[in-house]
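Side-chain atoms are counted along with the backbone in the values below, which use heavy atoms only and exclude waters and symmetry mates. Throughout, numbering of the chain's residues begins at 1 and tracks the sequence.
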Amino acid sequence: MIKKTILVPLFFIILCTAACEDKTALKTIYKNDFLIGNIITPAYMDGDNFDLLKKHFNIVTCENDMKPDRLAPANKGGAYRWTEADRMADKAKENGMQVHGHVLVWHSQSRAWFTAGTAEEAKENMVNHINTVLDHFKGRVVSWDVVNEAMGDSITDPSDWRSSLRTNSGWYRTLGPDFIELAFRTAREADPDIILYYNDYGLNNRNKAAAVRNMVKEINDKYKAEGNSRNLIDGIGMQGHYGLWLNIGDVRNSLELFSGIGVEISITELDVESRQTNSSEWGVNRNSVMPEPQAQAQANLYAALFRLFREYRDKIARVTFWGMDDKNSWKSVGNPCLFDGNMEPKPAFLAVSNPDDY
């Protein structure tokens, strides 16, 4: 039996697509501004949690499963472990979400053997790791955090970015400041089609932001002086691990700084703690019911941030939250997310959905 082909007029398809679009989804609300992202973890990959993820977000980042200690073998020469990262990345992509990679070179959550030998051995280890990972995910991951958190915290002279780097990093101790440029050159050669990011926290600190700006500009200027038409470092990721203490003016200052050197910007790892916490309190399953004043203050700050982000929509490529719900957040004790522990929307979600009302 031959099935008849039913031709549907194009205008009907367009009207149906527009009508079926969920106007309450964050990715729809901000579709003309920037990508809206979140993390993927095993807790978010099935059932109602995954439905909520794919409803609201159009780009995802593995919270942990693409970090060096998850992928690279415990001992040099062993087999890489791809199973969990592949499962999550492939499912996200199959459901219409892009994937951002996190992270290739970092002093934390890495392997001790990467930097345990001579400078030449460390260089070889870095190059091999970057090539191995980028080759494996080629065509599935659109952008990568190539280097993460290389800058120190107590910066007095941001014009001298080399002396501002984190000196307790194994990469810094073994290779010196040049490890950053090496990582980006290796990544660019390994996969010219992806967007390469430098990612760091605390970039609302004006000295730290200035040091990162100077570093990225110098490396990019050098690369272009060699005859290359594009930047070596395509973008700067501004980690948004904020609290109610945040001065919005400091975030604006950093957006201005980074906008001025011709790189794209992403707001990464965004969460807003409702109270001050410390590392001894961090971890999942410590959330609580928020007092109304805290919930409202958190919502007001989220709204102010998104009003600011929209002002810079021509510079910002992506805003990625670091968790959907308070229960599964790494800072659950601070109730930092848009949804509570039962995956119910909080005032913070309503604020991000319509920041002009706050």
From I267, N300, V272, residue fulfilling side chain to side chain contact (heavy atoms under 4.5 Å, CB included) relative to L305:
V272

Rounded to the nearest 0.5 Å, what separates atom [atom1] in [X] from atom [atom2] in [Y]?
X	Y	atom1	atom2	value
K138	I194	NZ	CD1	8.5 Å
T41	N64	OG1	CG	8.5 Å
N131	H136	CG	NE2	14.5 Å
Q298	L338	CD	CG	8.0 Å

Do [X] and [Y] have side-chain atoms, one donor and one acceptor, less than 3.5 Å apart?
X	Y	value
W282	T277	yes
H107	N148	no
S143	H100	yes
S163	D160	yes
Y223	D221	no
E149	Q239	yes
N231	D234	no
N287	N335	no

With sequence neighbours excluded, tell me which residues meet side chain to side chain contact (heavy atoms under 4.5 Å, CB included) with S266.
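Y197, T268, A317, R318.
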
Is the ring centre of H129 less than 6.0 Å from the ring centre of F114?
yes

Taking the ring centre of each residue, are F306 and F321 less than 6.0 Å apart?
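Between F306 and F321, the centre distance is under 6.0 Å.
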
Start with the C-alpha distance between N199 and E269, add both sets of side-chain angles, then the distance that settles side chain to side chain contact (heavy atoms under 4.5 Å, CB included), and finish with yes or no.
CA-CA 10 Å; N199 189 58; E269 309 187 28; 3.1 Å; yes

Any pair counted as side chain to side chain donor-acceptor pair (under 3.5 Å), so long as it reaches residues 303-313, sequence neighbours left out
D33-R310, D33-R313, R252-E311, E256-Y312

Could you list the donor-acceptor pairs under 3.5 angstrom formed by side chains in residues 351-358, with sequence neighbours left out?
from, atom 1, to, atom 2, distance (Å)
S353, OG, F349, O, 2.9
N354, ND2, D357, OD2, 2.8

Is any NZ, NE, NH1 or NH2 atom of the basic residue among [X] and [Y] found under 4.0 Å from an Asp or Glu carboxylate oxygen of the other?
X	Y	result
R206	D250	yes
E94	K91	no
E226	R185	yes

Single-linkage hydrophobic cluster W106~L203, side-chain heavy atoms < 4.5 angstrom:
no

Could you check whether the rings of H102 and W322 sit parallel, tilted or perpendicular, using 30° and 60° as the cut-offs?
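Because their plane-to-plane angle is over 60°, the rings of H102 and W322 count as perpendicular.
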
Just say parallel, tilted or perpendicular for the rings of Y30 and F34, cut-offs at 30° and 60°.
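Ring orientation, 0 to 90° scale: parallel.
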
Please report the shortest heavy-atom distance between D157 and S164, naming the atom on each side.
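Where D157 meets S164 most closely, the heavy atoms are O-OG, 3.6 Å.
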
Please report the closest heavy-atom contact between M290 and S274, naming both atoms and the distance.
CE-CB, 3.4 Å

Tell me, please, whether F179 has K123 positioned over its six-membered ring: NZ or CZ under 6.0 Å from the ring centre and within 45 degrees of its axis?
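Judged by the rule, K123 and F179 form no cation-pi pair.
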
